[in-house]
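In what follows, a structure is listed as structure tokens, so that the remarks can point back to it.
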Amino acid sequence: MIAMDKYQVARMLDEIARYIQLSETNPFKSRAFERAARRIETLERDVAELVTSGDLYSTPGIGKGIGPVITEIVTTGDSTYLDELRNQYPPGIFDLLRIPNLGLKKVGILYEQLGVTSIDELEKAAKDNLVAGLPGFGSKTQQKILEGVAFARKRESQFLLPRGIEAGELIREQLAAIDEVEDTEVAGSVRRRMEIIRNVNVVVSTRAPERVIEQLPRFVSDVEPIDEKTVKGIARGEMPVIFHFTFPEDFGLTVLRATGGKEFVAAFEAKAGRKLKATNEEQLFEKAGIPFVEPERREDAEELKRKKRPSLVHPSDLRGTFHVHTTYSDGRNSVADMLGAARDLGFDYCGISDHSVAAFYARGLTPDQVKIQQTEIAREAKKVAPMRVFRGTEADILPDGTMDYGEDLDMFDFVVASIHSRMQMTEEEMTERILRALDDPHVTILGHLTGRRLLTRDGYRIDYDRIFDKVAERRVLLEINGNPQRLDVDWRQVRNALDRGVLFTINPDAHSVKEMGYVVSGTWVARKAGLTAKEIFNTRPVDEVEEWLKKRSSPKSN
DNA sequence: GCCGTTTTCGGCCCGACTGTTTTCAGTCG
């Protein structure tokens, strides 16, 4: 028996489902595989044991078609069915899904009829006017495809921050193992924790740069010099890495310059007055007589003008969090697993909030299902005591601004109000919609303010001033959504919100145990905006939080 | 492909939007 965990099995079933969608006209066959994947994924027992015990076929959604596929995967680690499907299509066919409004059906047609297997080939076909004549396609679709190709190309040179952090730290470790390297630092936009980056900057302190440069091809490809102190390379075939070489006595200044931003560095150097020798940045600031400025606060020179430096919020300040999904809706892990993850983070409290019934696509819960979940939460809460557990929901703000669940929201300790539908309203309509939701006394937290998906789609347009004023007036918490694809609210808007009296909460919007770590990415936003612990609700002690939530859920106080 | 006190075939399936159609298919959240 090969050791396959349930997630590996589910991934293979999902891949089969995608291939079926490409080729089959019957949408229900692919959906059956997806359903089976979800079933396996949310299994409370070992998938291998399910197979050996013979209970596989009494599992809902698994019959004589999918059952043997799962059995083969679990016993051999492979699927001949999946291999056949893979052989029918070119590798990389799913790359085409990066074009907006291209789904599996259209990709299937493009491949079958025109032999299109890549974005380049798609662009050529569209330019040759071959796409417009296909069934289900027309001239507008062809035009949109060309726009989509341009969109995807632009995105190819941009990356979400975690990719840069991972690449930078890996290279840093590898460099540190070289004898001639005395010190290293990841700098640039990665160190400033910009949400979207174009490259990774690494500063290398050494007496023998040429000896280090010789070894760079071990970590990156396409190594080429930019100038005598700077070398460029490509990590993992996609991420540009810029190496800044320096002697140890100039390490401090080189790190500062390579970290940026331009405006900050210029103001710093003007203030320092001369080129300072320093083996690290702290020493550099000290010699310049300038209190240290955290890298996140260096987008402009404002911080240099300030007399007092705020102590930026740190992940260790967080004592708990809200907005955590479970297998009851679209999360990948059980209530017990998610609470365990919160406890492992050292939290004193955790709020569970699955989707509401209107979020059909995310398997939102009916009120009856909520009752069942709350019974389970109560049971699991005992096991993680003294950590406290709050029973919440991420309820949809409906298009008219009323809240999903209506008066049934009384069932919850807290309510995250979010928009998941009808996102193309005008700014005025969207603002009114959110303002109305904020007037509902059940609402505790306003979730992912703009609904943006970084590198994928812009958020909906809203009147920030009016919404922040209402959030403050209603004493609703404004979520800082820590999912690196969202990081919503944008850090550039935070100061405005703060000035209007808004209180924040850093939430992971976790859909798995691993994503509980998104509370850390949430602090990136807070820190870039200059927030301290006192402006973040979930740095408060659990008794205070419980009291606050109780007050909010009794309508009289509102 | 799965399912069935409406059981072996026909239904499964939310709702808005877009572009393609001339009544609907594909995409998205």
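Letters go in sequence order (proteins before strands), and every chain restarts at 1. Here the structure is a predicted model, which means the values were calculated and not measured.
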Paired to B/dC2 by Watson-Crick or G-U wobble criteria (both distances under 3.5 Å) is B/dG11
Determine the Euclidean distance between corresponding [atom1] atoms of [M] and [N]; express it in Å to zero decimal places.
N      : M      : atom1 : value
B/dT22 : B/dT8  : P     : 37 Å
B/dG1  : B/dT5  : P     : 22 Å
B/dT23 : B/dC28 : P     : 26 Å
B/dC24 : B/dC9  : P     : 27 Å
B/dT20 : B/dA25 : C1'   : 8 Å
B/dC13 : B/dG4  : P     : 13 Å
B/dA16 : B/dG11 : C1'   : 24 Å

Non-hydrogen atoms of A/Phe504 and A/Ala497 that approach each other most closely: CZ-CB, 3.8 Å
Work out which heavy atom in A/Asn101 is nearest to a heavy atom in A/Lys106; give both atom names and the distance. O-CD, 4.4 Å
Which part of the nucleic acid, if any, lies within contact of [X], taking any heavy atom under 4.0 Å across all strands shown: a base, the sugar-phosphate backbone alone, or nothing?
X        : value
A/Ser139 : sugar-phosphate
A/Pro135 : nothing
A/Ile62  : sugar-phosphate
A/Ser421 : nothing

Does a side-chain N or O of [X] approach OP1 or OP2 of [N] to a distance below 4.0 Å, or not?
X        : N      : value
A/Gln424 : B/dC17 : yes
A/Arg453 : B/dC28 : no
A/Lys29  : B/dG1  : yes
A/Lys140 : B/dT20 : no
A/Ser30  : B/dG1  : no

In whole Å, I'd like the distance from the [atom1] atom of [X] to the [atom2] atom of [N].
X        : N      : atom1 : atom2 : value
A/Asn26  : B/dA25 : CG    : C1'   : 14 Å
A/Lys105 : B/dG19 : NZ    : P     : 21 Å
A/Leu104 : B/dT27 : CG    : C1'   : 10 Å
A/Tyr460 : B/dC28 : OH    : P     : 19 Å
A/Arg98  : B/dC28 : CZ    : P     : 14 Å
A/Ile145 : B/dT18 : CD1   : P     : 17 Å
A/Leu96  : B/dG26 : CG    : P     : 17 Å
A/Leu398 : B/dG29 : CG    : P     : 19 Å

Let's see if you can work this out: which of [options] has an atom nearest to the side-chain heavy atoms of [X]?
X        : options                : value
A/His420 : B/dC2, B/dG29, B/dG1   : B/dG29
A/Pro60  : B/dG19, B/dC3, B/dG1   : B/dC3
A/Arg457 : B/dG19, B/dG29, B/dC2  : B/dG29
A/Arg422 : B/dC17, B/dG1, B/dT27  : B/dC17
A/Thr141 : B/dT20, B/dT27, B/dG1  : B/dT20
A/Lys64  : B/dG1, B/dG19, B/dC2   : B/dC2
A/Lys144 : B/dC28, B/dC13, B/dG19 : B/dG19

Evaluate the ring planes of A/His325 and A/His511, with Trp represented by its six-membered ring, and classify them as parallel (under 30°), tilted (30 to 60°) or perpendicular (over 60°). parallel
Side chains of A/Gln485 and A/Asn483: is there a donor and an acceptor less than 3.5 Å apart? no
Pair A/Thr366-A/Gln369, side-chain donor/acceptor within less than 3.5 Å: yes
Closer to the 5' end of DNA chain B via nearest nucleotide, is it A/Gly63 or A/Lys106? A/Gly63
Give a yes or no on whether a donor-acceptor pair under 3.5 Å exists between the nucleobase atoms of B/dC13, that is its base, and the side chain of A/Arg31. yes
Inspect the surroundings of CZ in A/Arg38 and state if more than 12 heavy atoms from other residues, nucleotides or ligands are less than 6.0 Å away. yes
Do we get A/Arg155 above A/Phe151's six-membered ring, with its NZ or CZ under 6.0 Å from the centre and within 45° of the axis? yes
Would you say whether A/Tyr361 stacks on B/dC28? The test is a distance between ring centres of less than 5.5 Å and an angle between planes of less than 30°. no
Between A/Trp548 and A/Arg552, is any pair of side-chain heavy atoms under 4.5 Å apart? yes
